[in-house]
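A short worksheet on the structure shown next.
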Amino acid sequence: MQPFWLDMTCDPGSWDAVFSRREDGSIQGAWAFRFGTKTGMRWIRLPILTPFTALWIDTPEALSPQKEMIFRHEVLADLERQLPSAQVFEIKLPWTMQDWLPLYWKGYREETRYTFRFPHAEVNAIYDGFSKSFQRNLRAAEREYTIEEGKVSDLYALMERVVELRDSHVAFSLSTLEKIVSVLQSKQQCKIYAARNTENVQAIVFTVWDEQTSYYLIGGRRRTDSRHGTNLLLWQAIQDAAQRGHAFDFEGSMIEGVNKFFQKFGAILTPYYYIYRYRGLAKVKNMV
């Protein structure tokens, strides 16, 4: 929701925000969005490296459940009315927002997605929840690797290796990632963890955080690493999150292999909603 983040992850002039206000003019809701045009069709989508849309509702305290629902619906409907018209609409709601009915009534649809979260990174309980084999893997990784501060160039290179295996490509440039890391480092809101053996960096993990939560945003590894290095780095990131008093979010994937990998840590499977709507020619083409 921070303007500096949107400035980094969107092209210049390609994001905006709408606001819902109380009678006294104070803000009770906000929705920041990225927009653009492709093949003559206007779209609203998430910025790069941004897992959830910046949608916020300031719900008053001490409301009954019914009044809270009515308030939430009114604010969300007010925000949606102010969004610019778009033929393609694709966003992901924050996992905290489980009620999207006003969008459904306007013709939007959803797919349920999942992430994995530790609501409170209590490291002793988390470690005790690991299987014995996973604990052994961590101990073996501690003997095999040293953890060091990672370089942006290594992060990008190893991430490229992973996406190439999926016959895909990285959706942003190295220079963009360098800018993002530089700004976040100046704000002390990120860390790159690298696992090095006697040869070179084998695995790398990039985490970012706000006031409440640390997120595993991106990472990569060499094919010679059997995920032990990534296991070790994520475990270190979870411990660091606990020291900050943060929850930890794996930014879970719907890819089966990645999903099974995250399951080993024992975090809580948490649903969130992918919201979409296609209109006009985009509806015919089902453009994605």
Side-chain angles (χ1 to χ4, degrees), residues 1-37 42-110 113 115 117 119-120 180 183-184 186-189 208-215 244-247 249 270-277 279:
M1 300 231 22
Q2 298 300 316
F4 82 85
W5 177 264
L6 295 164
D7 285 340
M8 292 190 304
T9 56
C10 300
D11 293 332
S14 68
W15 75 268
D16 202 349
V18 294
F19 301 92
S20 177
R21 298 182 182 273
R22 300 181 181 90
E23 291 183 359
D24 63 3
S26 61
I27 296 173
Q28 61 183 3
W31 191 340
F33 56 92
R34 171 179 170 240
F35 62 88
T37 302
R42 191 176 179 88
W43 52 258
I44 292 177
R45 287 180 170 138
L46 287 173
I48 61 168
L49 291 174
T50 306
F52 305 112
T53 190
L55 177 58
W56 171 78
I57 297 177
D58 185 23
T59 305
E61 296 181 0
L63 289 181
S64 68
Q66 181 183 15
K67 289 183 177 179
E68 180 180 334
M69 180 186 66
I70 293 171
F71 174 83
R72 185 172 58 247
H73 286 184
E74 289 177 346
V75 174
L76 184 54
D78 184 26
L79 292 170
E80 191 278 335
R81 278 193 297 269
Q82 299 178 65
L83 292 175
S85 177
Q87 286 75 45
V88 177
F89 182 96
E90 299 170 331
I91 59 107
K92 298 174 185 175
L93 292 178
W95 68 271
T96 52
M97 188 166 229
Q98 295 293 305
D99 178 3
W100 61 282
L101 272 172
L103 300 181
Y104 177 83
W105 296 329
K106 288 292 186 177
Y108 297 85
R109 294 297 179 260
E110 68 89 16
R113 306 279 178 95
T115 184
R117 292 177 55 88
H120 302 287
I180 291 171
V183 172
L184 289 174
S186 71
K187 295 177 176 293
Q188 298 183 332
Q189 285 185 252
V208 302
W209 55 85
D210 53 28
E211 294 180 352
Q212 298 176 324
T213 304
S214 296
Y215 303 88
R244 290 188 289 269
H246 283 181
D249 195 319
T270 305
Y272 65 92
Y273 296 127
Y274 168 71
I275 305 295
Y276 63 93
R277 185 176 70 177
R279 308 175 81 174

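Between Leu103 and Leu76 the shortest side-chain heavy-atom distance falls below 4.5 Å. Contact annotation: the side chain of Glu80 approaches that of Lys106 to within less than 4.5 Å [non-hydrogen atoms, C-beta and beyond].
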Would you be so kind as to tabulate the donor-acceptor pairs closer than 3.5 Å made by side chains of residues 93-101, with sequence neighbours excluded?
from  : atom 1 : to     : atom 2 : distance (Å)
Gln98 : NE2    : Trp95  : O      : 2.7
Gln98 : NE2    : Pro271 : O      : 3.2
Asp99 : OD1    : His73  : NE2    : 3.2
Asp99 : OD1    : Leu101 : N      : 3.2
Asp99 : OD2    : Arg72  : NE     : 3.1
Asp99 : OD2    : Arg72  : NH2    : 2.8
Asp99 : OD2    : His73  : NE2    : 2.7

Without placing hydrogens or testing angles, list every side-chain donor-acceptor pair under 3.5 Å for residues 56-66, not counting sequence neighbours.
from  : atom 1 : to    : atom 2 : distance (Å)
Asp58 : OD2    : Arg22 : NH2    : 3.1
Ser64 : OG     : Lys67 : N      : 3.2

Let me check something: any side-chain donor-acceptor pairs from residues 4-14 under 3.5 Å, sequence neighbours excluded? List them with distances.
from  : atom 1 : to    : atom 2 : distance (Å)
Trp5  : NE1    : Thr50 : OG1    : 2.9
Asp7  : OD1    : Trp15 : NE1    : 2.9
Thr9  : OG1    : Trp5  : O      : 2.9
Ser14 : OG     : Asp11 : N      : 3.0
Ser14 : OG     : Asp11 : O      : 2.6

Contacts under 3.5 angstrom, residues 29-37 side chains, donor-acceptor by atom type, not counting sequence neighbours:
from  : atom 1 : to    : atom 2 : distance (Å)
Trp31 : NE1    : Thr53 : OG1    : 3.2
Arg34 : NH1    : Leu46 : O      : 2.7

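Using a distance-only test at 3.5 Å, with no hydrogens or angles considered, no donor-acceptor pair links the side chain of Gln189 to the main chain of Leu184. Side chain of Gln87 to main chain of Arg42: a donor-acceptor pair is present (N/O by atom type, distance under 3.5 Å, no hydrogens or angles).
Remark: of the listed residues Arg109, Lys92, Glu110, Lys92 is the sole one forming a side-chain contact (heavy atoms from CB on, under 4.5 Å) with Tyr274.
Residues passing the side chain to side chain donor-acceptor pair (under 3.5 Å) test with Arg117, sequence neighbours excluded: Asp249. Under the rule for a side chain to side chain donor-acceptor pair (under 3.5 Å), the partners of Ser214 that lie at least two apart in sequence or sit in another chain are Arg244, His246. Not a single side chain to side chain donor-acceptor pair (under 3.5 Å) links Tyr104 to another residue, sequence neighbours left out. Taking the ring-ring contact (aromatic ring centres under 6.0 Å, His included) definition, one finds that Phe52 meets it with Tyr272, sequence neighbours left out. The salt bridge (Lys or Arg N to Asp or Glu O under 4.0 Å) search around Arg81 returns Asp78, not counting sequence neighbours. Every residue two or more places apart in sequence or in another chain was checked for a ring-ring contact (aromatic ring centres under 6.0 Å, His included) with Phe19, and none qualifies. For Glu68, the side chain to side chain donor-acceptor pair (under 3.5 Å) test picks out no residue, with sequence neighbours left out.
In this structure, CD in Glu74 is found 9.0 Å from OG in Ser20, a value given to the nearest 0.5 Å.
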Side chain to side chain contact (heavy atoms under 4.5 Å, CB included) between Leu49 and Ile180, intermediate numbers included: CA-CA 10 Å; Leu49 291 174; Ile180 291 171; 3.8 Å; yes

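Tyr276 has its ring centre no less than 6.0 Å from the ring centre of Phe89.
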